[in-house]
2 protein chains.
Amino acid sequence: MKNRQFLLASRPTGEPDASNWEYVEKDTPEIQDGQMLVKVEFISLDPAMRGWMNDAKSYIEPVQIGEVMRAGTVGEVIESKHPKFQKGDHVYGHLGVQAYAVSDGSGLHKVDPALAPLERFLGVLGMPGMTAYFGLLNTGKPQAGETVVVSGAAGAVGGVVGQIAKIKGCRVVGIAGGKEKCDFLINELGFDDAIDYKNESVKDGLKRTCPKGVDVYFDNVGGDILDDVLTRIRKHARIVICGAISQYNNTTPVKGPSNYLSLLVNRARMEGIVVFDNAAHYGEAAKEMAGWIHEGKLKAKEHVVEGLKSFPETLMMLFKGENFGKLVLKVDH
Amino acid sequence: MKNRQFLLASRPTGEPDASNWEYVEKDTPEIQDGQMLVKVEFISLDPAMRGWMNDAKSYIEPVQIGEVMRAGTVGEVIESKHPKFQKGDHVYGHLGVQAYAVSDGSGLHKVDPALAPLERFLGVLGMPGMTAYFGLLNTGKPQAGETVVVSGAAGAVGGVVGQIAKIKGCRVVGIAGGKEKCDFLINELGFDDAIDYKNESVKDGLKRTCPKGVDVYFDNVGGDILDDVLTRIRKHARIVICGAISQYNNTTPVKGPSNYLSLLVNRARMEGIVVFDNAAHYGEAAKEMAGWIHEGKLKAKEHVVEGLKSFPETLMMLFKGENFGKLVLKVDH
């Protein structure tokens, strides 16, 4: 069987481009005892991937030059010599940007395609959903009646953060780019209000939508928006640092939050999260979130782009703010 | 009786200078029922005073133009028509930069000059001591065996932070300017090591003194030193934002910590503190700290400058890093 893969060819300076990838077609190797062959159906495209391309100490090893690019995936086991996985099983795991993957089962777990469309296990039922759930509840600690603001609100994590905050009885404001996304947040996801950063200054938007200030800010973007929110936090506010997509392609140093002394004035806290720390509790979270989905309180939106070969351009949609919901690449088999 | 006062004449841009102060001599008013006259003996000079000169929302109201400059003080009641204070009582309170003050007792409490020299109630037994105690223990939460780093370590707060961290069984490294201060931290206060930022890059110093990284960082200075420490924090580190003296006289925007995404990588936390929030617990803290002083575990150092009229220049010693221990102004009566 012919495999198709994207390997990391070089490390980007600033925005990744075609030269950073090597596209390879080659035969899928024979599987050995204890291995299986997975047909990759959907590949998760996430802002974190930009960080994995850097040769820098982080919460996870960098992808090495010449390796298949790391990515979360869902797929189907089509051959197995592994005792715990059978042909026909559907699985989630970091199998990378390729059409087929040989796996020994490490880091893989089964998913049930009867519960939800497969791509959803890369979104609300996958890492972005878990990130939102644990980041908001364990670190943001929202209380009923508080005001929660989330940036990247129409993205994979942000949309879930806002909906869970609503479930917890908070007033929720999303920051997103464009009227269509903002309307979606309010009309489809039930946010109380939204700030369209492409058409309104975020500072003005925060005054308009959060007259009493912000208790919890869930930050996916960093940069100027983080700085603007810092001017509007309330006493004992909690800022969850989940990501900083505005800064990932910088060729100059990251913009630190100039207004960080607002943390002092307001006795507030800024704390970073990494979803993998909660692995032992994914099961409970998935169960609770599945209940919310079933009750119609938690909606999912995926943005599916088809065609493995479009990977380099499709990934860039994240950094241009072009995705609307969880961005996934559907492998064309 | 002739009073001498420093009033805020104008708000500084950048470093305060003579033009920001009005020096006034005038008669002390007659006290009314419920009031007392206090002879101010020592005036506390603190980095926070710079913030009080700005017309900006903060944790406390700005000083108004034409008002006596706010400052912590200790003094003696020399006349009283107040039911709770007698002539001869010694008191602590924010009576401002002046030789005599009329007070109705609000915010005043008695101190016992038999327990310690009066100026000490502005240092280790006063707000700086309380700031160190609550900021380190409640927010830094140091555990025995952890590495604690403190900047402004030879200052009023920093010296106490380091000594309490030692009492709690931590490895303690101080950052200070100059060999004399660094030697003092190690030889007199019992710090494990020190980084002289005037003669060593802080980054190199951190590598040298904290090979395993930093668990708790108590920040009094902000700026580049905060950024350097961020590159060396360990997983689940706690950064206590107590002040940012390097930034208080900025005419350009505050330098935000470019390396703040280290909070994400390390699941670490940065949190601001304001000492006044702990007012209900000052008594317990003072009792515990007095015990440590008695046992010789907690040493105090004040830097006393005499002469009320030197206030404008003496205040600037803080921003030039020229004070060595808690800076107090002794009123020349």
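When reading the values below, keep in mind they use all heavy atoms of this one structure, side chains included, and skip hydrogens, waters and symmetry mates. Just so we're on the same page: letters track the sequence lines, and every chain starts at 1.
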- Query: chain B heavy atoms under 4.5 Å from A:Ile273: which part of the residue, side chain, backbone, both or neither?
  - Reply: backbone

- Item | Member of B:Arg234, B:Arg238, B:Lys168 meeting the salt bridge (Lys or Arg N to Asp or Glu O under 4.0 Å) criterion with B:Glu146 | B:Arg238

- Got A:Leu263 and A:Asn266 here, is their nearest side-chain heavy-atom distance under 4.5 Å? no

- Which residues in residues 125-136 of chain B have a heavy atom less than 4.5 Å from any heavy atom of chain A? none

- Query: If we ignore angles and hydrogens, is there a donor and acceptor under 3.5 Å between the side chains of B:Lys326 and B:Ser44?
  - Reply: yes

- Could you tell me whether the side chain of B:Tyr260 reaches within less than 4.5 Å of the side chain of A:Leu226, counting heavy atoms only? yes

- Message: With a 4.5 Å cut-off on side-chain heavy atoms, are B:Asn220 and B:Phe218 touching?
- Response: yes

- Item | Flag side-chain contact, heavy atom, 4.5 Å: A:Arg269 against A:Ile239 | no

- Examine the side chains of B:Ser151 and B:Tyr217 and answer whether a donor and an acceptor come within less than 3.5 Å of each other. yes

- Query: Do the side chains of B:Asp215 and B:Gln143 get nearer than 4.5 Å, heavy atoms only?
  - Reply: no

- Counting only heavy atoms closer than 4.5 Å, note whether B:Asp219 contacts chain A via side chain, backbone, both or neither. side chain

- Item | When B:Thr139, B:Asp227, B:Leu261 are compared by non-hydrogen pairs under 4.5 Å with chain A, the top option | B:Leu261

- Message: Restricting to side-chain hydrogen bond (donor to acceptor under 3.5 Å, both in side chains), what partner residues turn up for A:Arg232, sequence neighbours left out?
- Response: none

- Check each atom of A:Leu230 against the heavy atoms of chain B and say whether the ones under 4.5 Å are side chain, backbone, both or neither. neither

- Task: For B:Asn323, enumerate each residue passing the side-chain hydrogen bond (donor to acceptor under 3.5 Å, both in side chains) test, keeping only those at least two apart in sequence or located in another chain.
- Result: none

- Query: Quick one: of A:Arg267, A:Lys235, A:Glu271, A:His236, who has the most non-hydrogen atom pairs under 4.5 Å with chain B?
  - Reply: A:Arg267

- Query: Do the ring planes of B:Phe276 and B:Tyr59 sit parallel (below 30°), tilted (30 to 60°) or perpendicular (above 60°)?
  - Reply: tilted

- Message: So if I take each residue of residues 204-212 of chain B and look for any heavy atom under 4.5 Å from a heavy atom in chain A, which residues do I end up with?
- Response: none

- Query: When you check the side-chain N and O atoms of B:Thr231 and B:Asn259, is any donor under 3.5 Å from an acceptor?
  - Reply: no

- Message: I need the residue from A:Pro253, A:Gly243, A:Ala268 with the largest number of non-hydrogen atom pairs under 4.5 Å to chain B.
- Response: A:Ala268

